[in-house]
Amino acid sequence: MANLADARGNGPAPTLTTADGKPLREALAKAERHARNRAFFLVLPLLLFILITFVAPIAQMLHRSVHNPAFSDNMPNLVAWFEENPEGISPDEGGWDALAQDLILARENKTAGLVGTRVNYELSGTRSLFTKGARNARKLEPPYREAILDLDEDWADPALWQVMRGASSAYTFNFYYAAVDKTLDQDGNIVDVDENRKVYVKLFTRTLILSLLITFLTFILAYPIAHLLATLPLRYSNLLMIFVLLPFWTSLLVRTTAWIVLLQSQGVVNDSLVATGIIDDESRIQMIYNQTGTIIAMTHILLPFMVLPLYSVMRPINPSYVRAARSLGATSWTAFRRIYFPQTIPGIGAGALLVFILAVGYYITPALVGGSDGQLISNLIAFHMTNSLNWSMAAALATILLTGILLLYWLYDRLVGIDNLKLG
Amino acid sequence: MTANSGNDAFVVFDHVQKSYDGETLVVKDLNLQIGKGEFLTMLGPSGSGKTTCLMMLAGFETATHGEILLNGRPINNIPPHQRGIGMVFQSYALFPHMTVEENLAFPLEVRGMSAATREEKVKRALEMVQMGEFGSRRPAQMSGGQQQRIALARALVFEPDLVLMDEPLGALDKQLREHMQYEIKHLHERLGITVVYVTHDQSEALTMSDRVAVFNDGVIKQLATPQDLYERPDNSFVAQFIGENNKLPAKVESREGDIVTVALPSGKACQALAVNCGGTGSDTLLSIRPERVRIGAAEDVNSTEGKVLELIYLGDHIRCRLNVHGNEEFVVKVPNSSDAGQLSVGETTRVTWAPEDARALDML
Ligand SMILES: Nc1ncnc2c1ncn2[C@@H]1O[C@H](COP(=O)(O)OP(=O)(O)O)[C@@H](O)[C@H]1O
Ligand SMILES: [Mg+2]
């Protein structure tokens, strides 16, 4: 039992103590420690699982976006020369010397490909310089400058030396510059890349706009469905719910291919339109392999993610609220706008956030039905992961995407409040 | 207030029927007239169709058949928001995303009243239910009783002529419920509004109402003042549902004016008031209120022997269970006067009731 020691006394606030005189706070902490420890051990497996399979890979990915040692590990002489000579100096005899030594080294260790690829990321067409240089490294004789230039004139390109200088440090922000269509010029200033090589900002913008559009479309479509689900007698609403969830039980690929069957120019929709004479055979509508295809297919696929949070918010809304509003003199529209709708906002927020985040990172569907102008940023990330093997670039793009989403999440929290979110 | 005759009735249910599924009638041929300023309660067990009647009146359900008139006008085709009926829901239905003031201002706002008028009326309504300081609270920050008052204030703030209440006190504890019963009753008297009140609590109905319509299975079993309902039930259902009641099954032997002589299963005869029983030879159920039975009184026509089975001390009276005419659940309320202490369990005593206090009713 607690006793209030000297409660009415002046001076510092009295400390509550237990019956045997220990401070109450300490006693409470001690009493709860056991339960807390046990709870911790219960979540430990999950914690480890998440750390190993989620946190660690992401951290590694983030690290990769600023760290690429392919050049710096394999070209030690050049790295040393770049360290000794400040920015802007054209290669002297020592520089060519170092290059020749490194090419010999690359030949021995068979790392010319690695190094070439790394430089090629930033200056295309340079990979072959390194492989060719390494192949002929044994033949190189001093003076190396002439010998190397004999192999290929391109070795004299100042841009190449600028890129190599950048790559000589394992840690670099170059991938981030590239991810926002910037690059470093010969003096180390950040400048725009050539107009015809600007792809990333455009893709980021397109991804953002399409995701917002898809989120909006799912909201428009899902709201009435969710309302119907929430107000129908359970018997019917369960059946309808199965239809809503049906897409979840079908493979994503099947669903996407179904859209191809429907929307392609010789597809069901076009055929029907032609058959009914609404359009000519020549003017079949292009609805797939472009942005329209991406929007239609993704809206369909992401629809359940909007329906479910909306439904879970709408179901418990007592119909007597709207009835009360009506009896108080509100038209059905006013009752909806002033009474029903505001109570569904947590569901709208949750659904929109969910759909938007999924849409921003979506990649299979745009890859299949997006054509050239329906690709999203994730398709480019996938391209860098699997085709160009520029993982650092992929990581940089992914990091920017992740940061953007976190920013949005933060914004949402500020504007709506995350505790207003209702997922189910 | 007495029952109004048809012409000046404020609310009229005229042969109203309602079915939800097209197979069963939830409300069967309802005829009811409610006078202006009356406090009418629909009382009945759960599922007897009370809420359905209220919802038809409010406009949230349509009558399958028949007509509902409000102030002489048929309202079947008037949408709820144009009926001008205040309503208090059992769940209160206070808008959770609005403060108390916003809740109360809502009906005024949709009627296009100016901000100044709204403020004035909201303030007055809040004071009427003694909730003046709670204007800026949200419904979730108030107790059930406080929410109840706000719901009441909101239903009254736009000064409707008719207010419907569907078990508005159902969620409150007993003490608060009784307190609110008086408050609602006083508000009704002060404002002169017409109230249609739904409850399944008979004591609530008796306390508050001018008239009570007892519902069972979609039918009004009796429509009467509380006193009539208790003292003079028309049928066994009402006698059973309202207050405590001793039942004795019997058979009619002969009839003289209002008094019938009936034969009890015990073989003895007894006199009763013919209210709702058939002719000679038909089965009937005698209904006798426990407080109308005297113990140990002078010999009379309906005197008989009763064996005391149980005595429960209840302060103001003693509840005495006896075996009377073979009915072991026969209860008598003995006032706690000086001679009450004489009874003891197992003793046989004389019980007596007047022929008018035994009502011969229909078989259940
Ligand atoms: N919306 C509805 N749909 C179908 N049946 C209903 C509906 N509302 C009420 N019922 C049925 O009508 C009957 C009467 O219900 P109700 O009017 O709510 O009774 P009470 O209010 O007296 O408890 C019940 O059997 C109930 O199951
Ligand atoms: Mg009800």
Side-chain angles (χ1 to χ4, degrees), chain A residues 223 226-228 230-239 309-352 412-413 415-424, chain B residues 20-21 51 54-61 75 78-98 102-113 125 138-140 147 150-160 162-168 171 196:
Chain A
Y223 203 89
H227 180 69
L228 194 64
T231 45
L232 232 47
L234 215 55
R235 182 156 51 107
Y236 302 110
S237 75
N238 277 342
L239 188 71
L310 279 178
Y311 169 76
S312 80
V313 169
M314 287 175 177
R315 183 101 228 175
I317 295 182
N318 194 325
S320 65
Y321 288 127
V322 170
R323 289 185 160 185
R326 301 270 284 141
S327 80
L328 293 171
T331 59
S332 45
W333 166 243
T334 309
F336 169 78
R337 192 174 49 89
R338 296 279 314 278
I339 306 304
Y340 192 78
F341 185 78
Q343 294 187 57
T344 60
I345 285 177
I348 299 174
Y412 179 92
D413 187 32
L415 295 179
V416 188
I418 232 63
D419 42 352
N420 260 332
L421 206 70
K422 198 155 183 286
L423 282 169
Chain B
Y20 283 107
D21 51 9
T51 299
L54 217 57
M55 288 299 160
M56 287 192 289
L57 187 51
F60 300 122
E61 297 290 352
I75 54 168
I78 302 178
H81 67 277
Q82 288 171 0
R83 295 192 181 190
I85 298 175
M87 183 141 190
V88 181
F89 293 82
Q90 178 169 12
S91 56
Y92 312 138
L94 294 177
F95 308 136
H97 57 295
M98 295 184 180
E102 286 164 346
N103 263 283
L104 262 67
F106 184 80
L108 309 174
E109 217 178 315
V110 297
R111 283 174 171 73
M113 290 188 193
R138 299 233 171 208
Q147 292 185 37
I150 300 301
L152 197 59
R154 191 180 64 177
L156 295 172
V157 70
F158 61 102
E159 292 161 18
L162 175 62
V163 176
L164 313 182
M165 306 191 190
D166 190 358
E167 314 213 7
V196 180

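Within every chain, numbering begins at 1; the chains are lettered A, B, ... in the order of the sequence lines, protein sequences first and strands thereafter.
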Between B:R111 and A:L328 the two heavy atoms that sit nearest each other are NH1-O, 2.5 Å
Would you mind telling me which of B:A58, B:A155, B:P107 has the largest number of heavy-atom pairs within less than 4.5 Å of chain A?
B:P107
With a 4.5 angstrom heavy-atom cut-off, is it the side chain or the backbone of A:A325 that approaches chain B, or both, or neither?
both
Please find the pair of heavy atoms, one from A:T344 and one from A:Y223, that lie closest to each other, and give the distance.
OG1-OH, 2.8 Å
Determine whether the side chains of A:H227 and A:Y340 contain a donor N or O and an acceptor N or O closer than 3.5 Å.
yes
Please determine, among B:M98, B:Q82, B:Q90, the option with the most heavy-atom pairs under 4.5 Å with chain A.
B:M98
For B:F60 and B:L54, what are the C-alpha separation, side-chain angles and deciding distance, and is it a side-chain contact (heavy atoms from CB on, under 4.5 Å)?
CA-CA 9 Å; B:F60 300 122; B:L54 217 57; over 6 Å; no
I'd like to verify something: which residue of B:P79, B:P96, B:S91 has the highest number of heavy-atom pairs under 4.5 Å with chain A?
B:P96
Under 4.5 Å from a heavy atom of chain A, the part of B:L94 involved:
backbone
Please verify the inter-ring angle class for B:F106 with B:F95; under 30° counts as parallel, over 60° as perpendicular, anything in between as tilted.
perpendicular
